[in-house]
Trainee: 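The structure under discussion is supplied below as structure tokens; questions concerning it will follow.
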Amino acid sequence: MPEMPEVETIRRTLAKNILGKRIEHIDILLPRLIKFPEPDLYRQRLTGQKIVKMRREGKYLGMQMENGIMAIFHLRMTGRLCYFKDGQQEDKYAKIIFYLDNGARLIYSDMRTFGTLYAINDKEREKIKGLYELGREPLAKDFTTEYLLAKLKKSNGKIKMFLLNQKNIAGLGNIYTDEALFLAGINPEQICSAISKEKAEKLHNSINQVISAGINDGGTTFRDYVNGEGIKGKHQNNLFVYGQAKKPCKKCGTIIEKIKVGGRGTCFCPKCQKLK
DNA sequence: CGTTCATCCTGACGGC
DNA sequence: TGCCGTCAGGATGAAC
């Protein structure tokens, strides 16, 4: 489940391997994953181009080409983008294959095929609604307590859903949302507008803390996630609540509960995260 | 406009 | 052993 720390780890591990390489040929095994432009034009825009920079915005991964085109990937749930050395066997869910000029391949694979791919110039950003509507992101200078508090005051929904909404904060998913709420001591069903300034400040710090811990651990691997070199993350060993249902809370020993909030599985400690 | 809910898809797992 | 239902979860678009 790639969230910001996972996508950032993929960005870094791919940059090491593919910057300066040229795409010689593209195999499109599942064309419907390419949302814009049409697959033929997608191939045309990227073939022969040199990869000059790797970017990331929220959970979107961007591969900047020398002709100004940006190849954008959103991995959704089970997408993977990995570098395969010459002769290395690809996995069975390979969907889009980029052949590079050193004999290696960059392979987009996806078991559940929810991922989305694009190739846009800088005037076409509105083609990807989720990208240009992204909120500010954790660890960024402009992600302040004031920004968070102002957004919270305007929301009548539950904090869990608020944090998952990319328009509010870019890059959080189910894992880091549950973890941040635990660290801040906030119940996932808490109504946003009722959250105090003090709690908002605590939440702001907790979000930054869990995201940087996730990046330092190279992401969280629960089932599918691997980085750009096919290696699993380590943050699954450092989780407080996500995936810990029926286990004792690491802070107070109370049994961690799992409930549904807005249709999403949600883990929390009923004692550390009391509803106010 | 804000919020909620079903939907896309495949595989793993539990119950019987 | 096999069949069925449920769950996993990011984003989108429809419905309210």
Side-chain angles (χ1 to χ4, degrees), chain A residues 1-10 29-36 56-62 72-81 91-96 108-118 125-135 137-138 150-181 188-195 210-211 214 219-226 232-233 235-236 239 241-246 256-268:
Chain A
M1 298 139 266
E3 305 177 32
M4 179 183 152
E6 289 73 37
V7 180
E8 176 60 19
T9 303
I10 294 170
L29 305 177
L30 188 59
R32 71 171 162 82
L33 298 184
I34 297 168
K35 304 301 175 183
F36 181 87
R56 182 194 55 74
E57 286 179 63
K59 300 172 193 171
Y60 290 88
L61 190 62
I72 294 181
F73 303 82
H74 195 301
L75 312 182
R76 297 291 180 103
M77 255 86 76
T78 55
R80 288 178 168 185
L81 194 61
D91 65 280
K92 66 174 177 170
Y93 300 112
K95 304 298 178 199
I96 315 283
Y108 179 78
S109 62
D110 198 339
M111 181 183 77
R112 291 171 70 184
T113 68
F114 284 173
T116 49
L117 283 72
Y118 312 81
R125 282 176 61 89
E126 76 275 9
K127 298 287 181 190
I128 311 173
K129 216 173 144 206
L131 180 62
Y132 80 82
E133 286 183 347
L134 283 180
E137 66 172 64
K151 288 252 181 196
L152 287 172
K153 288 294 167 208
K154 280 187 267 182
S155 173
N156 297 312
K158 295 173 179 174
I159 185 66
K160 164 90 183 198
M161 300 318 290
F162 174 93
L163 294 178
L164 287 175
N165 187 342
Q166 304 298 299
K167 292 177 194 168
N168 294 323
I169 302 169
L172 292 175
N174 215 29
I175 299 172
Y176 296 95
T177 292
D178 281 4
E179 293 295 299
L181 287 173
E189 299 195 278
Q190 177 69 51
I191 299 299
C192 296
S193 54
I195 292 174
V210 294
I211 290 295
T220 303
T221 298
F222 243 78
R223 24 167 60 94
D224 305 293
Y225 163 73
V226 292
K232 294 177 179 182
H235 196 61
Q236 62 276 11
L239 297 170
V241 285
Y242 184 85
Q244 310 301 306
K246 297 178 185 170
I256 300 296
E257 287 181 13
K258 183 168 185 182
I259 58 172
K260 287 251 182 211
V261 180
R264 294 281 163 252
T266 301
C267 299
F268 74 108

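Here is the naming used below: chain letters follow the sequence lines, and residue numbers restart at 1 for every chain.
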Trainee: Please list every donor-acceptor pair under 3.5 Å in which a side-chain atom of residues 125-132 of chain A meets a protein atom from a residue at least two apart or in another chain.
Mentor:
{"unit_1": "R125(A)", "atom_1": "NH1", "unit_2": "E57(A)", "atom_2": "OE2", "d": "3.2"}
{"unit_1": "R125(A)", "atom_1": "NH2", "unit_2": "E57(A)", "atom_2": "OE1", "d": "3.2"}

Trainee: Just jot down the side chain to side chain contact (heavy atoms under 4.5 Å, CB included) partners of K258(A), sequence neighbours excluded, or say none.
Mentor: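 Result, side chain to side chain contact (heavy atoms under 4.5 Å, CB included) vs K258(A): A245(A), C267(A).
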Trainee: Categorize G263(A) for me: base, sugar-phosphate, or nothing, with a 4.0 angstrom heavy-atom threshold over every strand shown.
Mentor: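 It contacts nothing in the nucleic acid.
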Trainee: Between dC5(B) and dC7(C), how far apart are the two P atoms, rounded to whole Å?
Mentor: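 Pairwise P distance, dC5(B) against dC7(C), rounds to 15 Å.
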Trainee: Looking for any heavy atom pair under 4.0 Å, which part of the strands does D110(A) touch: base, sugar-phosphate only, or nothing?
Mentor: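 Nothing: the residue D110(A), judged by heavy atoms under 4.0 Å, touches no strand.
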Trainee: Does any pair with a residue in residues 157-171 of chain A pass salt bridge (charged side-chain N to carboxylate O under 4.0 Å, His left out), and if so which ones, sequence neighbours excluded?
Mentor: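 Residue pairs passing salt bridge (charged side-chain N to carboxylate O under 4.0 Å, His left out), neighbours aside: E133(A)-K167(A), K158(A)-E189(A), K160(A)-D178(A).
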Trainee: Take M161(A) and R223(A), find for each the nucleotide of DNA chain B with the closest heavy atom, and name the residue whose nucleotide sits nearer the 5' end.
Mentor: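 First, find each residue's nearest nucleotide; the 5'-ward one identifies M161(A).
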Trainee: How is T78(A) classified with respect to the nucleic acid when contacts are heavy atoms under 4.0 Å: base, sugar-phosphate, or nothing?
Mentor: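 Answer is nothing: T78(A) stays at 4.0 Å or more from every strand.
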Trainee: Can you name the residues that form a side chain to side chain contact (heavy atoms under 4.5 Å, CB included) with N168(A), not counting sequence neighbours?
Mentor: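 So N168(A) forms a side chain to side chain contact (heavy atoms under 4.5 Å, CB included) with K151(A), F162(A), N165(A).
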Trainee: Write down the atom of Y108(A), the atom of L75(A), and the distance for their closest heavy-atom approach.
Mentor: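 Closest heavy-atom pair between Y108(A) and L75(A): CE1-CD2, 3.5 Å.
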Trainee: Not counting sequence neighbours, which residues clear side chain to side chain donor-acceptor pair (under 3.5 Å) with E3(A)? List them please.
Mentor: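 None.
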Trainee: Counting the atoms with a prime plus P, OP1 and OP2 as sugar-phosphate, which does F222(A) contact under 4.0 Å by heavy atoms, base, sugar-phosphate, or nothing?
Mentor: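 F222(A): no heavy atom of the nucleic acid under 4.0 Å.
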Trainee: Within the structure shown, what part of the strands sits under 4.0 Å from K35(A) by heavy-atom distance: base, sugar-phosphate, or nothing?
Mentor: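 If one applies the 4.0 Å heavy-atom cut-off, K35(A) turns out to touch nothing in the nucleic acid.
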Trainee: Who passes side chain to side chain contact (heavy atoms under 4.5 Å, CB included) against T113(A), sequence neighbours left out?
Mentor: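 In terms of side chain to side chain contact (heavy atoms under 4.5 Å, CB included), with neighbours along the sequence ignored, T113(A) is linked to L30(A), R32(A), L33(A), K95(A).
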Trainee: What residues form a side chain to side chain contact (heavy atoms under 4.5 Å, CB included) with D91(A), not counting sequence neighbours?
Mentor: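 By the side chain to side chain contact (heavy atoms under 4.5 Å, CB included) rule, D91(A) matches F84(A), Y93(A), S109(A).
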Trainee: Please name all residues satisfying ring pair (Phe, Tyr, Trp, His ring centres under 6.0 Å) with F222(A), sequence neighbours left out, ordered by chain then number.
Mentor: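 Per chain and number, F222(A) pairs via ring pair (Phe, Tyr, Trp, His ring centres under 6.0 Å) with Y242(A).
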Trainee: What one-letter contact string describes nucleotides 10-16 of chain C from 5' to 3', where B marks a base within less than 4.0 Å of any protein heavy atom, S marks contact via sugar-phosphate atoms alone, and - marks no contact?
Mentor: BBS----
Trainee: Go through DNA chain B in 5' to 3' direction and return only the first and the last nucleotide with some atom under 4.0 Å of chain A's heavy atoms.
Mentor: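 First and last nucleotides in contact are dT3(B) to dG11(B).
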Trainee: Identify all stems in which DNA chain B takes part, counting only runs of at least 3 consecutive pairs (Watson-Crick or G-U wobble, each distance under 3.5 Å), and give each as one range with another, ordered by first number.
Mentor: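 Stems for DNA chain B, defined as runs of 3 or more consecutive pairs: B:2-8 with C:10-16, B:10-16 with C:2-8.
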Trainee: Of all residues at least two apart in sequence or in a different chain, which pass the salt bridge (charged side-chain N to carboxylate O under 4.0 Å, His left out) check with R76(A)?
Mentor: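 Not a single residue meets the salt bridge (charged side-chain N to carboxylate O under 4.0 Å, His left out) criterion with R76(A).
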